[in-house]
Amino acid sequence: MSTQNDPIRSIAIVGGGTAGWITAATLARFLPNLKGRIRLIESVEIGTIGVGEATIPPIVEFIRMLGVDENDVVRKTQATFKLGIEFKNWTRSGHSYIHPFGPTGFAKENVPFFPYWLRCWQGGKAAPLETYSLQAVAARRCKFMRPVPTSHSPLATITYALHLDASLFAAYLRTYAEARGVVRTEGKVRNVTSRSADGFIESITLESGERIEADFYIDCTGFRGLLIEGALKTGYEDWTRWLPCDRAVAVQCERTGPLASHTIATARNVGWQWRIPLQHRVGNGYVYCSQFLSDQAAQDVLASSLEGTALRDPLQLKFTTGRRRLFWNKNCLAVGLAAGFLEPLESTGIHLIQHGVLNLLRFLPDRNFRQADIDRYNSYFSFQYERMRDFLLLHYHRTEREEDFWRHCRHIELPDSLRERLELFLGYGRILRDENELFTVQSWFHVLIGQNVLPAGYDPLADTLGYEQAQAALVEAQSAVTRCAARIPPHEAFIAQHCAAPVPESVPVR
Ligand SMILES: Cc1cc2nc3c(=O)[nH]c(=O)nc-3n(C[C@H](O)[C@H](O)[C@H](O)COP(=O)(O)OP(=O)(O)OC[C@H]3O[C@@H](n4cnc5c(N)ncnc54)[C@H](O)[C@@H]3O)c2cc1C
């Protein structure tokens, strides 16, 4: 029996970047009834954006959900493992902190870790926060292994993501999706036609003259937003006033030195630089604000800070941070860069794609396109984008750096949601997180403390533990982390044992 009165009979995905192929693979996996009726149209001539290589832990769940072997994905995408992000020079020059994945410390007598750590920290009796996180300690030592679920120690909860080659990942997903009946069409969309009665998209026409009709369209055309904006004129909320960087220059280089198990984000005079280690190369990029720095100057900074020989010419990118006013408009859903762009500081791009498609499945429409489903999807995603925006803005806003760009960031007028959160934290170190928010309390806590946002007091909840008991709990937590870290192999050795990719002949690895 069908649960829907008039089910969707066909879907057209326009665009074959990471967004297009994640969408195609997910729909192929969960909508077998549409086998042969999910089409993906992409233009090799236009190409893909060619960046987007650091992920966050939900990628691991996503790979599991597709039912493929994680080691196979790692091998075929030249991937490495990621335990968090190191922020260098953000608070001030020479400063560094890690935003690790996974839990930090442990609750004692039902008192969560952060309140009692803060109490002892304020009394000068706690070590730096990251020494209580196994992920952070392992990342500092370029180590990695997967969790050991049977262990009664922090080894049980090792939490990780991947760094992967974006084009190889798209190719992997393409093979997966095509094997499950997704039909790929190579061609450039020339024209999009809408129905006069209700403005719904009726068809797309390729430059070859081929006309493609579908019940539902997924716009994965990147910043162009060919359907959601070009055809439907949905509108874009510009967030430059909060996230002012609007340019990036990216370049790949040879890998040197030990294989890091974390992303590095180094603050520069006008923005920040990423370092993403893959098995065969390192991805680097400088995200900056054109109001304060020329493209040439950014390229020069990036070129002068590469650790190995550049493997390609630099790729110059322009963007406007923000989001589409509606992610889903009529019979068109925007996914990936077509939906919006929060800059890559916390590697949220690929996650937003996965999350977008999985939520489409939650609200899967029939051909009547119930407005209630569309509205709920849009309000949920607006919420997600706004909370992620706040988290990113926090990094820029709370800095002691004195360059013009950073002074500008310090004086940005904060959205109410972030201002309230900061005020709450500055009192007693409290973080209230809404259900479904992506970033956890531990993420907020690590970044707030890392950016030197120090509360005046601590949560009285911490007094439930005696001071000496709290100190003893910290010692216990830290020594557990130290013991466990000693058992974790070097990242490079773990990969060599489980999932080494063949070394491409053209890419020397030293
Ligand atoms: C500087 C920067 C760094 C980033 N770093 C990260 C990161 O570390 N981690 C992360 O998760 N995300 C990151 N992102 C985001 C990530 O790159 C994107 O989310 C991801 O690549 C998805 O892009 P996309 O598929 O939406 O767009 P694109 O890759 O641009 O793909 C668009 C597709 O649409 C097709 N197309 C366009 N017009 C037409 C047409 N007329 N006819 C037919 N086809 C068409 C193109 O051929 C292409 O296949 C970063 C983004 C930027 C800008």
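As the structure lists them, so they are numbered: ligands from 1, and atoms in each ligand from 1. Computed from a predicted structure; not experimentally measured. Values reported hereafter were calculated over all heavy atoms of this structure, with side chains retained and with hydrogens, waters and symmetry mates removed.
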Engineer: Near Ala54, which atoms of ligand 1 are under 4.0 Å from a heavy atom of that residue?
Structural biologist: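 Contacts of ligand 1 toward Ala54, numbered from 1: 7 (C), 8 (O), 9 (N), 10 (C), 11 (O).
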
Engineer: Take Phe216 and Trp328 through the ring-ring contact (aromatic ring centres under 6.0 Å, His included) test and state the conclusion after the steps.
Structural biologist: CA-CA 11 Å; Phe216 193 44; Trp328 183 346; 5.6 Å; yes

Engineer: For ligand 1, find out whether one of its N or O atoms is nearer than 3.5 Å to an N or O atom of Gly349.
Structural biologist: yes

Engineer: Hey, are the side chains of Phe391 and Glu437 touching, using non-hydrogen atoms and a 4.5 Å cut-off?
Structural biologist: no

Engineer: Can you confirm whether or not the ring centre of Tyr377 sits under 6.0 Å from the ring centre of Phe381?
Structural biologist: yes

Engineer: Please tell me whether Tyr160 and Gln135 have a donor and an acceptor in their side chains that are separated by less than 3.5 angstrom.
Structural biologist: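 Distance-only check fails for Tyr160 and Gln135.
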
Engineer: Provide the number and element of each atom of ligand 1 under 4.0 Å from a heavy atom of Lys188.
Structural biologist: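 Those qualifying, in numeric order: 42 (N), 43 (C).
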
Engineer: Roughly how far, to the nearest 0.5 Å, is the CD1 atom of Ile49 from the CG atom of Leu315?
Structural biologist: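 It comes to 7.5 Å.
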
Engineer: Can you list the atoms of ligand 1 that are under 4.0 Å from a heavy atom of Gly222?
Structural biologist: 26 (O), 27 (O), 30 (O), 32 (C)

Engineer: Students should be able to answer this: which protein heavy-atom is nearest to atom 28 (P) of ligand 1, and at what distance?
Structural biologist: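 Ranked first by proximity to atom 28 (P) of ligand 1 is Ile49 N, 3.7 Å.
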
Engineer: N/O of Leu337 under 3.5 Å from N/O of ligand 1, yes or no?
Structural biologist: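 Yes, there is a polar N/O contact under 3.5 Å.
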
Engineer: Less than 3.5 Å apart, any donor N or O on the side chain of Ser382 or Ser379 sitting next to an acceptor on the other?
Structural biologist: no

Engineer: Indicate yes or no for a side-chain donor-acceptor contact from Tyr236 to the backbone of Thr320 under 3.5 Å, with no hydrogens or angles considered.
Structural biologist: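 Side chain of Tyr236 to backbone of Thr320: a pair is present.
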
Engineer: To check you understand the geometry: which heavy-atom pair defines the closest contact between Val192 and Ala231, and what is its length?
Structural biologist: CG1-CB, 3.6 Å

Engineer: Check Arg323 with Glu386, please: is the shortest side-chain N to carboxylate O separation under 4.0 Å?
Structural biologist: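 Here Glu386 pairs with Arg323 in a salt bridge, since their nearest N and O are under 4.0 Å apart.
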
Engineer: Can you list the atoms of ligand 1 that are under 4.0 Å from a heavy atom of Cys220?
Structural biologist: 32 (C), 33 (C), 34 (O)

Engineer: Does ligand 1 have a heavy atom under 4.0 Å from the side chain of Leu226, from its backbone, from both, or from neither?
Structural biologist: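 Within the 4.0 Å criterion, Leu226 contacts ligand 1 through side-chain atoms alone.
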
Engineer: Are the charged groups of Asp390 and Arg421 less than 4.0 angstrom apart, N to O?
Structural biologist: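 Between Arg421 and Asp390 there is no salt bridge, as every charged N stays at least 4.0 Å from the carboxylate O atoms.
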
Engineer: Of all the atoms in ligand 1, which lie at a distance below 4.0 Å from a heavy atom belonging to Ala19?
Structural biologist: 22 (C), 24 (P), 25 (O), 26 (O)

Engineer: Just distances here: any N/O of Val51 and N/O of ligand 1 closer than 3.5 Å?
Structural biologist: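 Looking only at distances, the answer is yes, because the N/O contact criterion of under 3.5 Å is met.
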
Engineer: Checking a contact table here: which protein heavy atom is nearest atom 1 (C) of ligand 1, and how many Å away?
Structural biologist: Ala248 CB, 3.5 Å

Engineer: Taking N or O atoms only and a 3.5 Å limit, does Ala338 qualify as a polar contact for ligand 1?
Structural biologist: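 So ligand 1 has no N or O lying under 3.5 Å from an N or O of Ala338.
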
Engineer: So does Glu403 pair up with Arg268, basic N to acidic O under 4.0 Å?
Structural biologist: no

Engineer: How far is atom 11 (O) of ligand 1 from its nearest protein heavy atom, and which residue and atom is that?
Structural biologist: Ile350 N, 2.7 Å

Engineer: Under 3.5 Å between any N/O of Gly16 and any N/O of ligand 1: does that happen in this structure?
Structural biologist: yes

Engineer: Does any N or O of ligand 1 fall below 3.5 Å from an N or O anywhere on Ile46, backbone included?
Structural biologist: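 No.
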
Engineer: May I have the step-by-step check of ring-ring contact (aromatic ring centres under 6.0 Å, His included) for Tyr396 and Trp406, ending in yes or no?
Structural biologist: CA-CA 7 Å; Tyr396 281 97; Trp406 292 101; 5.7 Å; yes

Engineer: Just jot down the ligand 1 atoms closer than 4.0 angstrom to any heavy atom of Gly336, in number order.
Structural biologist: 26 (O)

Engineer: For atom 44 (N) of ligand 1, what is the closest protein heavy atom, and at what distance to 0.1 Å?
Structural biologist: Ser43 N, 3.5 Å

Engineer: Relative to the heavy atoms of Glu53, which atoms of ligand 1 are at a distance of less than 4.0 Å?
Structural biologist: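 Per the distance check, 7 (C), 8 (O), 9 (N).
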
Engineer: At the 4.0 Å heavy-atom cut-off, does Phe341 count as touching ligand 1?
Structural biologist: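 Phe341 counts as a contact of ligand 1 under the 4.0 Å cut-off.
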
Engineer: Flag yes if more than 12 heavy atoms outside Arg410 fall under 6.0 Å of its CZ atom; otherwise flag no.
Structural biologist: yes

Engineer: Using a 4.0 Å heavy-atom cut-off, which part of Ile353 comes near ligand 1: side chain, backbone, both, or neither?
Structural biologist: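 The answer is the side chain of Ile353.
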
Engineer: Contact between ligand 1 and Gly285 is defined here as a heavy atom of the residue under 4.0 Å from a ligand atom; is it met?
Structural biologist: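 Per 4.0 Å heavy-atom rule, Gly285 does not contact ligand 1.
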
Engineer: Provide, to 0.1 Å, the distance between atom 6 (C) of ligand 1 and the closest protein heavy atom, together with that atom's residue and name.
Structural biologist: Gly52 CA, 3.2 Å

Engineer: Using the ring centroid of each side chain, check whether Tyr380 and His355 are separated by less than 6.0 Å.
Structural biologist: yes

Engineer: So is Gly47 touching ligand 1 or not, going by heavy atoms under 4.0 Å?
Structural biologist: yes

Engineer: List every atom of ligand 1 that sits less than 4.0 Å from any heavy atom of Gly187, numbering the atoms from 1 in the order shown and giving each element.
Structural biologist: 42 (N), 43 (C)

